[in-house]
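Some notes on the structure that comes next.
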Amino acid sequence: VPSILSTKQWYQRRVRGVLNYYTNYYYKSNLSDDLSSSMIYSVYIINKAGGLIYDEDFALNKHTEEHTWQQSPIPLVFTGDTGRVVVKFGEAGGVRPGYSVIAVNQQPVNGLAGPNDRTIMDIIADPEAYPLSLTFGRGKVGANEKLMLASTFHSLYAISAKISPIEESSGIRQLDTEEFSLHCFQTITGVKFFVIVDHKQMACEPLLHRIYELYTDYVLKNPFYLIDMPIRCELFDTNLKG
């Protein structure tokens, strides 16, 4: 269940985390050492209007779950609205809502298409296809899903700033769940940088500030870049990924 830290809790964790992170981070010569770690899942940049202008994934399908059912029906409800077969309701072992089917009978799948020119949904619904083995993973978030994610977070950020009992609250800086944490940094111009990391990762402020420095050096100083437009800068990509 997601939980938003209070201002006191956030500052206590931030101070502890920054002190521990400082000695490990600032003596590294390359940002790629952090981004290549399995602790960092994704990086997003949102403009002041809530539009997604940059995203990059660094850890996909690190954890998978395989289950075999001897007969239909499967105790899971699936949806294919996002261009891939995703668990909508139900749980089976470590499989939870949000997990997508990445293999059928040990054969990798692409989107909604399964083996033998059949859709995954048709295979799951066919009693004669059993016993059936399905492999689940987080998979890659689609472009439309990322746009929706950016817009939703932008709205939640603004709402949290307004309903906060603390005057002049800056909005959500850290959001914790059982599986991951989201850390956000907003510039004075309204551009938001946020990273999705493993829930055990304590402090990400130095990382976010370093990404912001790369943004100012290689994006804003690019004479061909238009403010608030999608970032297509090779130097920024190269230095971010190392």
Side-chain angles (χ1 to χ4, degrees), residues 10-11 13-15 17-60 140-161 168-175 180-198 201-242:
W10 182 85
Y11 275 109
R13 291 188 61 179
R14 182 54 54 87
V15 170
V18 169
L19 289 175
N20 293 331
Y21 196 84
Y22 180 84
T23 56
N24 294 326
Y25 181 82
Y26 279 100
Y27 290 99
K28 292 181 179 180
S29 60
N30 203 314
L31 180 62
S32 63
D33 292 338
D34 292 282
L35 297 179
S36 62
S37 169
S38 60
M39 302 290 283
I40 309 297
Y41 298 143
S42 304
V43 174
Y44 293 86
I45 303 177
I46 306 175
N47 63 24
K48 60 184 178 182
L52 181 64
I53 59 176
Y54 185 85
D55 66 88
E56 186 63 47
D57 296 318
F58 294 94
L60 297 174
K140 186 174 182 179
V141 180
N144 291 335
E145 293 175 286
K146 289 181 178 180
L147 292 173
M148 185 180 301
L149 170 65
S151 177
T152 302
F153 180 74
H154 176 76
S155 300
L156 290 175
Y157 190 97
I159 293 173
S160 66
E168 299 182 358
S169 172
S170 60
I172 299 174
R173 292 189 177 181
Q174 182 174 336
L175 177 65
F180 70 90
S181 294
L182 184 152
H183 298 256
C184 179
F185 165 68
Q186 178 175 257
T187 69
I188 58 175
T189 58
V191 178
K192 298 179 183 65
F193 297 77
F194 73 88
V195 293
I196 297 176
V197 302
D198 187 271
Q201 187 86 352
M202 292 295 294
C204 286
E205 186 172 0
L207 174 64
L208 287 167
H209 280 262
R210 178 57 179 153
I211 296 174
Y212 174 56
E213 289 177 6
L214 294 177
Y215 170 77
T216 57
D217 287 341
Y218 299 108
V219 178
L220 295 184
K221 294 179 182 179
N222 185 342
F224 301 103
Y225 176 69
L226 299 178
I227 299 297
D228 290 338
M229 297 300 292
I231 297 173
R232 301 289 185 268
C233 179
E234 184 177 350
L235 285 175
F236 178 70
D237 282 333
T238 301
N239 284 273
L240 182 65
K241 301 174 184 177

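All figures in this text were calculated on a predicted structure; none of them were measured in a lab. One-based numbering along the sequence shown.
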Results of side-chain hydrogen bond (donor to acceptor under 3.5 Å, both in side chains) for Tyr54 - residues two or more places apart only: Asp237
Test of understanding: with salt bridge (Lys or Arg N to Asp or Glu O under 4.0 Å), list the residues that count as partners of Lys221, not counting sequence neighbours. Asp217
Taking only residues two or more places apart in sequence or in another chain, which ones pass side-chain contact (heavy atoms from CB on, under 4.5 Å) with Glu213? Arg210
Test item: Phe236 and Thr238 side chains (from C-beta on) under 4.5 Å apart, heavy atoms: no
From CZ (Arg173) to CG (Leu182), nearest 0.5 Å: 14.0 Å
His154 and Lys48 have their tightest heavy-atom pair at CE1-O, 3.3 Å
Output for pair (Cys204 SG, Ile40 CD1), nearest 0.5 Å, gives 5.0 Å
Between Ile227 and Leu220, does the side chain to side chain contact (heavy atoms under 4.5 Å, CB included) criterion hold? Intermediate values first, please. CA-CA 8 Å; Ile227 299 297; Leu220 295 184; 3.7 Å; yes
With a 4.5 Å heavy-atom cut-off, do Asn222 and Leu235 have their side chains touching? no
Any side-chain heavy-atom pair from Ile211 and Phe185 closer than 4.5 angstrom? no
A cation-pi test, strictly: NZ or CZ of Lys192 under 6.0 Å from the centre of the six-membered ring of Tyr157 and no more than 45 degrees from its axis. Yes or no? yes
Residues in side-chain contact (heavy atoms from CB on, under 4.5 Å) with Ile159, at least two apart? Ile163
For Asp55, all residues meeting side-chain hydrogen bond (donor to acceptor under 3.5 Å, both in side chains), sequence neighbours excluded: Lys146
If you look at every heavy atom in Leu208 and Val195, which pair is closest and at what distance? CD2-CG1, 3.8 Å
Determine yes or no for a side-chain-to-main-chain donor-acceptor pair under 3.5 angstrom, with Ser160 supplying the side chain and Leu156 the backbone. yes
Spacing of Ile45 atom CD1 and Glu56 atom CD [to the nearest 0.5 Å]: 10.5 Å
Can you name the residues that form a ring-ring contact (aromatic ring centres under 6.0 Å, His included) with Phe193, not counting sequence neighbours? Tyr212, Tyr215
Run the salt bridge (Lys or Arg N to Asp or Glu O under 4.0 Å) test against Asp228 and tell me which residues pass, sequence neighbours left out. none
Distance-minimising heavy-atom pair for Pro230 and Tyr225: O-CE1, 3.8 Å
To the nearest 0.5 angstrom, please state how far the CD1 atom of Ile196 sits from the OG atom of Ser181. 10.0 Å
Quick one: list whatever passes side-chain hydrogen bond (donor to acceptor under 3.5 Å, both in side chains) with Thr187, sequence neighbours left out. Thr189
How about Phe194 and Ile172: do any of their side-chain heavy atoms sit closer than 4.5 Å? no
Atom CD1 in Ile53, atom CD1 in Ile231: separation rounded to 0.5 Å? 4.0 Å
Output all residues satisfying ring-ring contact (aromatic ring centres under 6.0 Å, His included) with Tyr218, sequence neighbours left out; order by chain, then residue number. none
